[in-house]
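I have a structure here, written as structure tokens, and I will follow up with some questions on it.
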Amino acid sequence: VVRRAAPPLENDQEVARQIPKSIHDIDNGKILGFDANLSEDHPGFHDEDYKQRRSWIASLARDIVPGDPIPRLEYRPEEQETWAKALGELEKLFPTHACKEFLDAVDRLDFRPDVVPQLQDVHEVLQETSGFAIRPVAGLLHPRDFLNGLAFKTFHSTQYMRHFSQPMYTPEPDLIHEIIGHIPMLTNKYYADMVQQIGLASLYATDKEIWHLTKVYWYTVEFGVVMEEEEVKAFGAGILSSYGELDHMKTGDRELAPLDPWAKQPKMSYKDGFQKKYFVLSSFEEGSELLRRYSKQYIDREHQG
Ligand code: HBI
Ligand code: FE
């Protein structure tokens, strides 16, 4: 039997992609990694009750259409306590370690140890301040979908709480990381604009460029720092939601360098300790200008070709 070879696959050509035209075109159902099956090093791995609760909260996100109100959850006593402990610890470092835009936002949001904030309420504050929206999601989205959401001023947020055995640690995004780390900065218009630019670039990015943008996101939104007079202050959510990282950023053995979105970005380390290098902005006005120039190249290329 003579078999004819299949025509060669054009490996170097991207599969035709539909560029999302609105938030409705972004699928929030495709979750990577940890979905219902937590990895072995997750603090809730052996806790069936925790896993069930987490899956139930995650499942609510799947049925929500953008524009629907986000379901209000009644948090359990151990979840309330986890929130109170994490907030209480982090608040000790905010006055000296967090940027002034963050401190102003935290005042406005009025976090209290005895009340776990509801996503719907912080969504409404974002709508009134920067125009950002919160869309609940069951877990980690594909980087392209997550970044594309930012183009439509939408932040995909988890709604479940980390495991109560480790209030200061989570291996995945959770409500505390989103609410304390991300939400306050998203009320700032310049910051919100900067983040949206990363999203706009991602709409037109190849897969390789998505990987680069993931790093730009990592070194700004997750681990960015800003100069205030002569002092370095945190604005990245990965720093602001971690007591150890806040301390390390301020006093640890680390490098500082100006952010250059065009440059090759260092490899990201998720698990092995704190960041070795932080990228610095001189202000959020400057950051939004810089990223506007950066994203413009992607937008211009799309409209020429
Ligand atoms: N998904 N839900 C969620 N939250 C994130 O913070 C997140 C994500 N998917 C990808 C991602 N972050 C990063 O890898 C960057 O690509 C944005
Ligand atoms: Fe995050």
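Start at 1 and go down the list; that is how both ligands and their atoms are numbered.
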So the atoms of ligand 1 within less than 4.0 Å of a heavy atom of Leu140 turn out to be 1 (N), 2 (N), 3 (C), 5 (C), 7 (C), 8 (C), 9 (N)
Using the rule given for salt bridge (charged side-chain N to carboxylate O under 4.0 Å, His left out), can you reason through Asp25 versus Lys21, listing the C-alpha separation, both sets of side-chain angles and the distance that settles it, and then say yes or no?
CA-CA 7 Å; Asp25 296 337; Lys21 295 284 186 287; over 6 Å; no
Would you say that Phe235 contacts Tyr191 through its side chain, given a criterion of any heavy-atom pair below 4.5 Å between the two side chains?
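Contact flag for Phe235/Tyr191 side chains = yes.
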Any idea which protein heavy atom is nearest atom 6 (O) of ligand 1, and the distance to it?
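Atom 6 (O) of ligand 1 sits closest to the protein heavy atom Phe146 CZ, 3.6 Å.
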Check whether any side-chain heavy atom of Leu93 sits under 4.5 Å from a side-chain heavy atom of Lys250, and report yes or no.
no
Quick one: look at Val137 and ligand 1, take heavy-atom pairs under 4.0 Å, and tell me if it's side chain, backbone, both or neither.
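The answer is the side chain of Val137.
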Regarding atom 10 (C) of ligand 1: of the candidates Leu213, Leu141, Ile198, Asn28, which has the closest heavy atom?
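Heavy atom nearest to atom 10 (C) of ligand 1 belongs to Leu141.
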Protein heavy atom at shortest distance from atom 2 (N) of ligand 1:
Gly139 O, 2.8 Å
Within 45° of the axis and under 6.0 Å from the centre of the six-membered ring of Phe94, does NZ or CZ of Lys233 qualify?
no
Atom 13 (C) of ligand 1: the protein heavy-atom neighbour that sits closest, reported with distance to 0.1 Å
Thr214 CG2, 4.3 Å
For residues His163 and Ser165, is any side-chain donor paired with an opposing acceptor at under 3.5 Å?
yes
Is Arg53 paired with Glu78 through a side-chain N to carboxylate O contact shorter than 4.0 Å?
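Looking at Arg53 together with Glu78, the answer is no, because their closest N to O distance does not fall below 4.0 Å.
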N, O or S atom of Glu222 closer to the Fe ion (ligand 2) than 2.8 Å:
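Checking Glu222: at least one N, O or S atom is under 2.8 Å.
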Mode of Leu147 contact toward ligand 1 - side chain, backbone, both, neither (heavy atoms, under 4.0 Å)
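For Leu147, only side-chain atoms sit under 4.0 Å from ligand 1.
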